[in-house]
Number of protein chains: 2
Amino acid sequence: MPLKEQLPLFLFESCCITLLLNLAKLCLFLSGMYEVFFKKINEVIHLTADEEAIFKNYLKPKKLRKKQFILQEGDVCKYSIFVEKGLLRSYSVNEKGNDQVVQFALEGWWIADLYSFITGEPSRYNIDALEDCELLLINNDGLKEVRRQIPKFLEFSFLQMQNAYIALERRWSHMVTLSTEERYNKLLDKYPDIVQRVPQHMIASYLGLTPETLSRAKKQMTLPK
Amino acid sequence: MPLKEQLPLFLFESCCITLLLNLAKLCLFLSGMYEVFFKKINEVIHLTADEEAIFKNYLKPKKLRKKQFILQEGDVCKYSIFVEKGLLRSYSVNEKGNDQVVQFALEGWWIADLYSFITGEPSRYNIDALEDCELLLINNDGLKEVRRQIPKFLEFSFLQMQNAYIALERRWSHMVTLSTEERYNKLLDKYPDIVQRVPQHMIASYLGLTPETLSRAKKQMTLPK
DNA sequence: CGACACCATTGATATTTATCAACGGTATTT
DNA sequence: AAATACCGTTGATAAATATCAATGGTGTCG
């Protein structure tokens, strides 16, 4: 019994159109969803279409609205998170109840509590969305499987980790050698996006300062020519 | 014309004995020289004797006396350094001429200025020996070659880099969340060796403090029960 | 529209840490 | 053995930053 027989024609047509529209939307969603991801990887290694397909099996797309959490303190960090679109931030809460920003993650960046992710221990960090986000999640088994099936990706992982280490080391050296103002300027130079898209008190926390101190430092920088 | 004919017998015997002694010393030197190195690697992956032999082709043993440099500011960091024995320290010198300790490396640890090592840019760090050391050096091409010939070693490199990243992240979080005294105690807990073998002003610098501040903090810790 | 949350700024004050200087002890070098 | 370098401690003071409190602006939500 064909569907057509059970419905008035105009309803059937309406259904078809809706269906097609949704299918189109889905296609767009799925193709767009991985765009930045594979672009980033292909800057370092080259994946064939087959390999990309393998990868997609282990990737879990997720949309996250502003202010929502993707990881909360006490939970185990089950996923390594890739930001296709939007802006995440990880932070801890100290004994006085203040947020302590650890990291920001823009489009094209990865973020996780690596320690919790590797060991399975509960995380001491929170990760939430500062903007509406489109994310790709992959768990540790997934990553291992991809590294097994696509050995090139192990190479990528190594290089990525190496770069992350160097960047953190550099951030450390800036923290201990540069003045407050120099640190802010470095950030402004390197990540103008972040400074524009993130409330200033979070920038302050990222730089290891109170909001008041950063505010005063900025004032000092404009006044004396 | 045999050597024996040209020398009095007692001199010939003396030569033989010296030669044998030196050979024995050389063997001991060579076997001992790689002991910690392969022990460390085999904790993570298993290398066959053949693979160890391949590795040795690219390793350059070097002894370094206390106070000698293995890397100086302005030089390119050509080697990744493994400490078989002894204790190294990397540091930078700030504009006031003070040392700023970045890292210590005990037996079984690796040390380098990774940024300079990867990019070939001149280093901003110095690395010197705080004790007489036995080191194994390997350059970037050597590492790449070993990773190519022994794919397991790429896995090792990745895991090692991941651990280094996690450790640095942890050190960061301790730096920003813990008090001076808590930071010192953490170090005491985790690396009692370092605290005993390194002058206190270097510990202070490692913790981001002046020697005076650390001295006073220690005093505070003993007085009030 | 009004209530409310969020945020940057500013002022006054407290706390922490650095800086400068001096001293005494210990190890190293000559 | 004497001279010297190195090191940890202590005191006095200065500088940087945090803390506490208040204000005004801006945007959001009912």
Is any NZ, NE, NH1 or NH2 atom of the basic residue among B:Glu73 and B:Arg124 found under 4.0 Å from an Asp or Glu carboxylate oxygen of the other? no
Does OP1 or OP2 of D:dA18 have a side-chain N or O of A:Thr210 closer than 4.0 Å? yes
Would you please say whether a donor-acceptor pair under 3.5 Å links the side chains of A:Tyr79 and A:Lys60? yes
Under 4.0 angstrom between B:Thr213 side-chain N/O and C:dA18 OP1 or OP2: yes
Should the side chain of A:Gln200 and the base of C:dC6 be counted as holding a donor-acceptor pair, with the cut-off at 3.5 Å? no
CA sep, side-chain torsions, deciding dist, call: A:Phe153, A:Phe55, ring pair (Phe, Tyr, Trp, His ring centres under 6.0 Å): CA-CA 10 Å; A:Phe153 184 65; A:Phe55 221 135; 4.8 Å; yes
Geometric cation-pi criterion, B:Arg89 with B:Tyr206: 6.0 Å, 45°: no
Test applied, salt bridge (Lys or Arg N to Asp or Glu O under 4.0 Å); reference residue, A:Asp132; option that passes from A:Lys66, A:Arg65, A:Lys67: A:Arg65
Please report, rounded to the nearest Å, how far the C1' atom of D:dA5 is from the NZ atom of B:Lys66. 13 Å
Can you tell me if A:His201 touches the phosphate of C:dC6, counting only side-chain N or O atoms and a distance under 4.0 Å to OP1 or OP2? no
Hey, does the side chain of B:Lys218 come within less than 4.0 Å of D:dG8's phosphate (OP1/OP2), counting only N and O? no
B:Glu212 CD to D:dA15 C1': how many Å, rounded? 15 Å
Tell me if the side-chain of B:Arg216 makes a donor-acceptor pair with the base of D:dG11, cut-off 3.5 Å, by modelled atom types. yes
Phosphate OP1/OP2 of D:dT9 contacted by B:Lys219 side-chain N/O (<4.0 Å): no
Look up atom CZ in A:Phe37 and atom CH2 in A:Trp110, then write down how far apart they are to the nearest 0.5 Å. 4.0 Å
For atom NZ of B:Lys96 and atom P of D:dA15, their distance in whole Å: 12 Å
Between B:Asn98 and A:Met202, which residue's closest nucleotide on DNA chain C lies nearer the 5′ terminus? A:Met202
About how many Å separate NE2 of A:His174 and OG1 of A:Thr177, when rounded to the nearest 0.5 Å? 6.0 Å
Can you tell me the distance, in whole Å, between the NZ atom of B:Lys67 and the P atom of C:dA27? 14 Å
Using whole Å, report how far CG of A:Leu214 lies from C1' of D:dT19. 16 Å
What integer distance in Å separates B:Leu130:CG from D:dC7:C1'? 14 Å
What's the CG-C1' distance between A:Leu209 and C:dT16, to the nearest Å? 15 Å
May I ask you to list the residues of residues 178-199 of chain A, by number, that have any heavy atom positioned under 4.0 Å from an atom of DNA chain C? A:Pro199
In whole Å, I'd like the distance from the CG atom of A:Asp99 to the P atom of D:dA18. 16 Å
